[in-house]
There are 2 protein chains.
Amino acid sequence: MTTGHTTKNLIRDAARSLFAEHGYNGVSMREIAQDVGKHPGGIYNHFPNKQAILVDVMQENLSRSHEAVIAPLNDDLDPSHRLEQFVRSHVRYNIANSDDIFIAYMELRSLEPDGAAHILKERKDYESALRSILRDGQNAGVFKISDPAIHARSVLSMLAGVTVWFRQSGPQTPTDVVECYVQAALQSVGATYSTPPER
Amino acid sequence: MTTGHTTKNLIRDAARSLFAEHGYNGVSMREIAQDVGKHPGGIYNHFPNKQAILVDVMQENLSRSHEAVIAPLNDDLDPSHRLEQFVRSHVRYNIANSDDIFIAYMELRSLEPDGAAHILKERKDYESALRSILRDGQNAGVFKISDPAIHARSVLSMLAGVTVWFRQSGPQTPTDVVECYVQAALQSVGATYSTPPER
DNA sequence: GATATAAATGAACGTTCATTCACGTCAATG
DNA sequence: CATTGACGTGAATGAACGTTCATTTATATC
């Protein structure tokens with residue numbers, strides 16, 4: 001997942017998958033160290049403490065997801081297509097980084113105030129990017145929603161849910177799942193959804 | 001929340017709110033005891049161990065939510081109205097029991113195998129009740145969904161999200177929020193939603 | 001009012017936790 | 001070749017964990 005095989009990256013990777021499986025409080029430094037094949041004390045050569053690993057993992061996810069979903073948004077498109085673009089890349093990112101999304105959703109409460117401030121801000125930015133799309137669509141009369149803020153949150157929690165059950169080894173292909181969630185998300189705000197052309 | 005003021009109920013209530021706030025692993029028996037105004041050892045007069053408190057809280061929620069949402073479902077209604085009935089009572093229950101819903105969503109992984117089996121089964125039943133409504137609607141041609149199973153999960157995770165942000169003290173009334181989520185859920189499966197008549 | 005049962009206490013148990021530290025190793029640098 | 005600094009080890013630290021237990025206190029039963 002993370003590029004490079006430095007010990008620091010191995011720690012990040014081990015922590016990400018362990019945090020996603022057992023939760024921050026359910027994982028010990030010993031377990032992380034063992035996953036990396038090192039001793040617990042050695043981790044402190046790379047991170048000052050356990051909390052810093054969580055903050056690091058969360059921030060890396062936030063900047064990667066921002067780059068993958070928010071940055072490419074094309075402001076010239078009409079609200080419907082902008083929303084479809086957002087949802088498609090968002091779901092695609094969620095599926096490809098399900099551990100990160102799961103952690104982002106579940107471990108906000110495990111953040112101590114220092115790390116929480118910055119991460120909550122980036123989170124709000126993400127949510128408000130979606131909210132402004134919804135507002136535009138509402139003003140243009142192409143979405144049927146009674147409250148853009150609530151609908152934005154409802155779309156995000158709906159899409160976050162995919163990480164709870166989806167496994168690459170399951171019956172569905174990622175493409176099928178993405179398409180299904182795109183349909184559900186677009187329809188949920190009353191946008192028209194048409195199945196993509198066969199390839 | 002729980003009726004009666006027996007110590008056992010007080011422990012349940014304290015644990016529910018602490019688990020919801022900090023997670024199962026983030027709460028100690030000492031904290032629960034302190035919330036109840038007792039000493040840690042005394043809890044073991046009422047529950048055999050910490051895990052049993054979690055199982056107890058989760059099971060109480062499952063039976064209450066089943067009674068409030070699944071049991072009243074009227075099989076004679078057409079799929080659209082059955083779905084609306086389901087979503088409305090489900091969201092209403094979620095709002096009134098947000099700690100329980102939060103725990104049900106977050107702490108499945110904290111369950112040891114014994115307790116997990118029964119709780120996962122009840123959960124599956126709940127999900128399949130919604131799935132069969134969606135399948136009926138799909139067959140009747142009134143829903144626009146490509147996969148009833150995925151759409152069922154997507155609706156449930158969307159509605160579970162309300163517990164993350166909604167507070168009784170906030171600007172919206174529960175009725176507003178319920179109505180908004182009913183709209184989002186119905187639209188997400190392509191069902192027609194019409195605003196309820198003014199009262 | 002004596003007796004049985006339930007509930008609460010306060011201290012302790014062994015274990016695990018995150019973190020620290022003195023010390024070894026070894027590649028890169030001057 | 002000597003030195004440095006980054007990295008890893010293995011043992012140790014004190015605190016916190018879930019749980020146990022002998023004992024005391026409260027409540028109900030006869």
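All chains are named by letter (A, B, ...) in the order of the sequence lines, taking the proteins before the strands, and each is independently numbered beginning at 1. As a basis for the values below, the full set of heavy atoms in this structure was taken, side chains included, without hydrogen atoms, waters or symmetry mates.
Summarising the local packing, CD of B:Glu67 is surrounded by 12 or fewer heavy atoms from other residues, nucleotides or ligands at distances under 6.0 Å.
For B:His39 and C:dA7, the shortest distance from a side-chain N or O to OP1 or OP2 is not below 4.0 Å.
A:Leu83 contributes atom CG, which lies 6.0 Å from atom CG of A:Leu134 (distance to the nearest 0.5 angstrom). To the nearest 0.5 angstrom, A:Ser65 atom OG is 7.5 Å from A:Glu122 atom CD.
Take the nearest nucleotide of DNA chain C for A:Glu31 and for A:Pro48: the residue whose nucleotide is more 5' is A:Glu31. Both B:Arg30 and A:Gln51 lie near DNA chain C, and the one whose nearest nucleotide falls closer to the 5' end is B:Arg30. Comparing A:Gly42 and B:Asn49 against DNA chain D, the residue whose closest nucleotide sits nearer the 5' end is A:Gly42.
The nearest whole Å value for the distance from the CG atom in A:Asn45 to the C1' atom in C:dT20 is 12 Å. Separating the CD1 atom of A:Ile32 from the P atom of C:dA18 is a distance of 8 Å, rounded to the nearest angstrom. Between the NZ atom of B:Lys38 and the P atom of C:dT9 there is a distance of 6 Å, given to the nearest Å. Rounded to a whole Å, the CD atom of A:Glu112 is 13 Å from the P atom of C:dA18. The nearest whole Å value for the distance from the CD1 atom in A:Ile43 to the C1' atom in C:dC21 is 16 Å.
Applying the under-4.5 Å side-chain rule to Ile, Leu, Val, Met, Phe, Trp and Tyr, the cluster around A:Val164 extends to A:Phe102, A:Tyr105, A:Met106, B:Phe102, B:Tyr105, B:Met106, B:Val164.
Using a 4.0 Å heavy-atom cutoff across all strands shown, B:Val36 reaches no nucleic acid atom at all.
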Under the ring pair (Phe, Tyr, Trp, His ring centres under 6.0 Å) criterion, do B:Tyr126 and B:His90 qualify, and how do the steps go? CA-CA 11 Å; B:Tyr126 201 90; B:His90 179 76; 5.5 Å; yes

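Taking a heavy-atom distance under 4.0 Å as the criterion, the stretch of DNA chain D touched by chain B extends 5' to 3' from D:dC17 to D:dT20.
No side-chain N or O of B:Asn74 forms a donor-acceptor pair with one of B:Arg82 less than 3.5 Å apart.
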